[in-house]
Amino acid sequence: MSIAKVIVDVPTSQTNHSFDYLIPEGLEELITPGVRVSVPFGPRKVMGFVIAVTGKSEFKKLRTIDQVMDMTPVLTTELLDLGRWLADQTVSFYIQAYQAMLPQVLKAKYKKEIESLTEGDLPDHLEKLFAGRAVISFDEFMERKGNYRELLSAIHEGTVQINYIVQSKETIKKVLFIEPDKELYLLEEALVDLPKNAQKQRVILEFFLKNPEPVEKSKLVQKCQTTSSTIQALIDKNLLRKSEKKIYRNPYENTTFKKTSPLPLSNQQQKAITPIWEAIDQTRNEVFLLHGVTGSGKTEVYLQSIEKVLAKGKEAIVLVPEIALTPQMVRRFKGRFGGEVAVLHSALSPGEKFDEWTKIHKKEVKVVVGARSAIFAPFENLGIIIIDEEHETSYKQEEQPRYHAREVAKYRGQFHQCPVVLGSATPLLESFARAKKNVYQLLEMPDRMNEQEMPPVEIVDMREELHQGNRSMFSKRLLEAIRERIAKKEQIVLFLNRRGYSTFVMCRDCGDVMKCPACDIALTFHKSSHQLKCHYCDYQIPMVRNCPSCESDQIRYFGTGTQKVEEALLEAVPEARIVRMDVDTTRKKGAHEKLLNKFQEKQADILLGTQMIAKGLDFENVTLVGVLAVDAMLNLPDFRSSEKTFQLLTQVSGRAGRHKLPGQVILQTYAKEHYAVELASQYDYDQFFLQEMKMRKNFHYPPYFFLTLINVSHPNQLKAMEVTRMISKLLYKHLSDAATILGPTPSPIERINNRYRYQCMVKYRDEPNQRSIIRKILQYYYDEIQKNDLTIQVDFEPYQLM
DNA sequence: AGCACGCCGACT
DNA sequence: GTCGGCGTGCTC
């Protein structure tokens with residue numbers, strides 16, 4: 001008898017191990033590692049992943065697998081191992097790791113139904129609920145307030161039973177097709193016999209005589225200028241018939257991609273690509289750090305490396321930050337590799353994601369371009385993994401399992417013995433330090449293509465501006481430059497980092513700032529709805545007229561949301577045509593693309609936006625880039641704030657003058673002499689690296705030390721603090737003397753949704769026991785996590801210190 | 001997670 | 001003496 005080891009979909013520490021089940025006879029072939037099954041678990045059924053099949057078990061009375069959910073494994077053996085490693089690394093449950101590697105729709109859906117086993121022998125009220133039916137859903141029972149007690153006794157008596165159903169959420173899109181139901185000559189005969197007034201039916205039949213193939217109903221309606229009822233009439237005459245066809249949703253259906261061919265490589269590209277090609281040829285695992293300035297042609301290096309991989313019959317994964325996964329980017333890959341490419345990103349609907357994933361699973365594509373989770377693409381013959389903009393924070397998942405795509409990439413690179421290429425103009429400090437120590441191989445591309453200079457950066461001191469009586473958010477210099485460009489019919493990108501600079505409401509008399517009563521952060525003013533909203537919870541109130549604490553009517557909103565900047569800008573430069581891009585204007589599907597197209601087609605002079613316009617965009621007519629408030633980011637409570645500022649400024653600057661026209665960058669700041677600002681304006685990464693490394697060394701930050709952040713939250717402030725203190729104590733006791741434990745301290749955002757948040761941090765160099773200690777601590781608090789509304793989040797090598 | 005088992009206080 | 005509260009523990 002063969003036995004399957006199954007990880008069940010019950011994310012608790014008590015069930016975080018495999019359970020043994022008998023494989024039903026005849027299903028031995030189907031039930032292999034990596035398939036999903038439905039298994040009886042206690043009184044119900046749950047979904048589970050088969051992780052192994054063996055011959056014997058320590059357990060005596062095994063139950064039997066209920067159903068197989070997949071015809072072929074959804075996880076390869078490599079991914080099963082990877083999942084185990086991932087769960088261990090991130091102190092997550094195995095089931096969480098496996099779920100994270102698959103598209104949403106493969107998660108199980110659970111249903112409960114009640115089945116009547118007798119005829120008319122049920123207690124009255126149950127009989128009423130059933131109303132003659134044999135089966136009702138449990139939801140209906142609950143909705144109509146069924147008597148639970150009576151139900152239980154009926155179950156005991158055996159007159160009803162509860163069925164547990166495990167389903168996959170996946171759906172296959174079906175499209176209605178119409179096709180001839182008779183031989184063509186019969187159709188022709190029918191055509192002759194049609195009454196004279198059946199003009200439309202005639203048109204349709206003639207259409208099918210010309211093209212007898214099945215055709216989508218919607219297309220048919222369009223082509224023949226007809227309606228459903230006409231088609232139905234022909235179906236009723238048995239001349240046509242309906243058929244359903246399963247199709248892939250193709251998110252890029254209405255886009256055509258111009259075929260591109262490899263460009264000749266520049267000297268520096270050639271120099272950078274050679275070691276990558278060698279590693280591909282020798283099937284050798286190595287991590288490359290491709291440090292190339294904006295516009296140095298990194299993408300072409302990626303493309304031609306992939307070409308080499310495809311030529312060897314292998315597959316490629318390309319990770320691109322979520323935010324940069326623009327149509328422009330997709331076009332470059334689809335243009336070169338056509339139908340070989342699958343694209344995975346969050347803007348796709350769950351169904352579309354599933355279809356793209358299926359193409360990979362069925363080996364219909366060889367290249368996947370996608371955001372973080374695309375690193376789990378179920379390829380079995382990987383030839384290269386590329387992570388573009390390696391320093392981007394979106395590669396770290398901010399929920400369980402809190403993994404970093406780079407670490408997963410390294411794991412898979414080792415498994416497949418293939419190169420991993422990390423590309424960036426501003427590598428993460430940790431990565432560059434590793435490259436300097438030869439852990440990674442450093443590939444430098446210091447020059448832009450076509451010998452173009454980086455645009456000159458001008459720093460404007462806003463304090464000076466204030467002293468001269470300019471209280472607006474635009475310096476004289478910036479306005480001047482904007483007007484100049486508009487006159488020359490050139491385009492401008494204005495960048496605003498919203499974080500910390502959103503429109504908050506303050507009383508001018510008493511200085512009181514309107515805050516969320518639950519989260520302790522400033523409320524944001526939304527002009528369109530005239531509401532004050534909290535960004536962390538759902539709290540919102542109408543805009544106030546008077547200050548709640550001093551009654552003054554001098555209460556106003558401050559700060560610069562993009563909306564406000566747009567208004568001010570129109571006031572200063574009335575002739576400007578502005579495209580505003582922020583969360584509000586890009587919420588609708590496709591809005592993002594539409595706005596960019598508008599700008600691309602020069603229907604606007606200024607592109608004004610937040611974070612999202614900083615990356616990957618490439619407009620030839622842009623000659624001026626302005627950054628309105630550099631400081632917002634410098635002052636975040638985060639040891640990486642300088643690094644983030646440097647990265648951001650470098651990236652933004654790269655948007656100007658990428659083509660024939662010379663570009664210019666203007667940075668407005670209150671912290672002119674900060675090294676991150678100064679060195680970013682000089683494009684001096686190496687110098688910045690040295691300076692920042694000194695700081696990191698002094699304050700014991702990465703890459704000199706590793707960090708672990710533990711975040712505790714509880715509705716009771718004292719409790720949250722107490723638990724954090726206890727955890728700090730336990731860590732102090734069990735970790736080595738070389739580790740430092742900071743805290744407990746309140747988290748930078750002290751309260752979210754009426755829960756108090758405390759944190760502690762471990763700084764260490766080498767603590768091999770750390771993960772098992774933390775796992776034990778979590779287990780110790782398991783009960784309270786379950787019942788007492790306590791949460792403990794553990795984040796190894798955190799990006800987000802909030 | 002869900003559910004059964006089991007040990008204590010409030011009731012016919 | 002019984003019903004039902006929820007604290008405890010198990011699911012192959």
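By convention in this document, chain letters (A, B, ...) are assigned in the order of the sequence lines, proteins followed by strands, and residues within each chain are numbered from 1.
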For A/Tyr799, enumerate each residue passing the ring-ring contact (aromatic ring centres under 6.0 Å, His included) test, keeping only those at least two apart in sequence or located in another chain. A/His404
Residues 722-731 of chain A side chain polar contacts: donor-acceptor under 3.5 Å, at least two apart:
unit_1, atom_1, unit_2, atom_2, d
A/Thr724, OG1, A/Ala720, O, 2.5
A/Ser728, OG, A/Thr724, O, 2.8

Applied to residues 133-142 of chain A, the salt bridge (charged side-chain N to carboxylate O under 4.0 Å, His left out) test, sequence neighbours excluded, yields A/Arg133-A/Glu140, A/Glu140-A/Arg144
Distance check needed: C/dT8 P versus A/Glu784 CD, whole Å only. 12 Å
For A/Tyr758, which residues count as a side-chain hydrogen bond (donor to acceptor under 3.5 Å, both in side chains) partner, sequence neighbours excluded? A/Gln717
Heavy atoms only, 4.0 Å cut-off, all strands: where does A/Tyr110 land among base, sugar-phosphate and nothing? nothing
Name all pairs fulfilling the side-chain hydrogen bond (donor to acceptor under 3.5 Å, both in side chains) condition that reach into residues 25-41 of chain A, sequence neighbours left out, sorted by first residue then second. A/Arg36-A/Asp70, A/Arg36-A/Ser168, A/Arg36-A/Glu170, A/Ser38-A/Asp66
Partners of A/Tyr732 by side-chain contact (heavy atoms from CB on, under 4.5 Å), sequence neighbours excluded? A/Ile741
Under 3.5 Å, sequence neighbours excluded: what are the donor-acceptor pairs made by side chains of residues 14-23 of chain A?
unit_1, atom_1, unit_2, atom_2, d
A/Gln14, NE2, A/Tyr782, OH, 3.2
A/Thr15, OG1, A/Val10, O, 2.6
A/Thr15, OG1, A/Thr12, O, 3.3
A/Thr15, OG1, A/Thr12, OG1, 2.7
A/Asn16, OD1, A/Tyr94, N, 2.9
A/His17, NE2, A/Gln14, O, 3.3
A/Asp20, OD1, A/Lys5, NZ, 3.0
A/Asp20, OD2, A/Lys5, NZ, 3.4
A/Asp20, OD2, A/Ser57, OG, 2.6
A/Tyr21, OH, A/Pro40, O, 2.7

Taking heavy atoms of chain A and a 4.0 Å limit, find me the 5'-most and 3'-most nucleotide of DNA chain B within that range. B/dA1 to B/dC3
Mind listing the N/O atom pairs, protein and nucleotides 3-7 of chain C, below 3.5 Å?
none

Which part of the nucleic acid does A/Lys45 contact within heavy-atom distance under 4.0 Å: base, sugar-phosphate only, or nothing? nothing
For A/Tyr403, which residues count as a ring-ring contact (aromatic ring centres under 6.0 Å, His included) partner, sequence neighbours excluded? A/Phe376
Check nucleotides 10-12 of chain C for protein N or O atoms closer than 3.5 Å to its own N or O atoms and list the pairs.
unit_1, atom_1, unit_2, atom_2, d
C/dT11, O3', A/Gly42, N, 3.3
C/dC12, OP1, A/Tyr21, OH, 3.3
C/dC12, OP1, A/Pro40, O, 3.4
C/dC12, OP2, A/Arg63, NH1, 2.7
C/dC12, O3', A/Asp20, O, 2.6
C/dC12, O3', A/Arg63, N, 2.8
C/dC12, O2, A/Asp20, N, 2.8

Would you please name every residue forming a ring-ring contact (aromatic ring centres under 6.0 Å, His included) with A/Phe130, sequence neighbours left out? none
Should the heavy atoms of other residues, nucleotides or ligands under 6.0 Å from NZ of A/Lys363 be counted, would the total exceed 12? yes
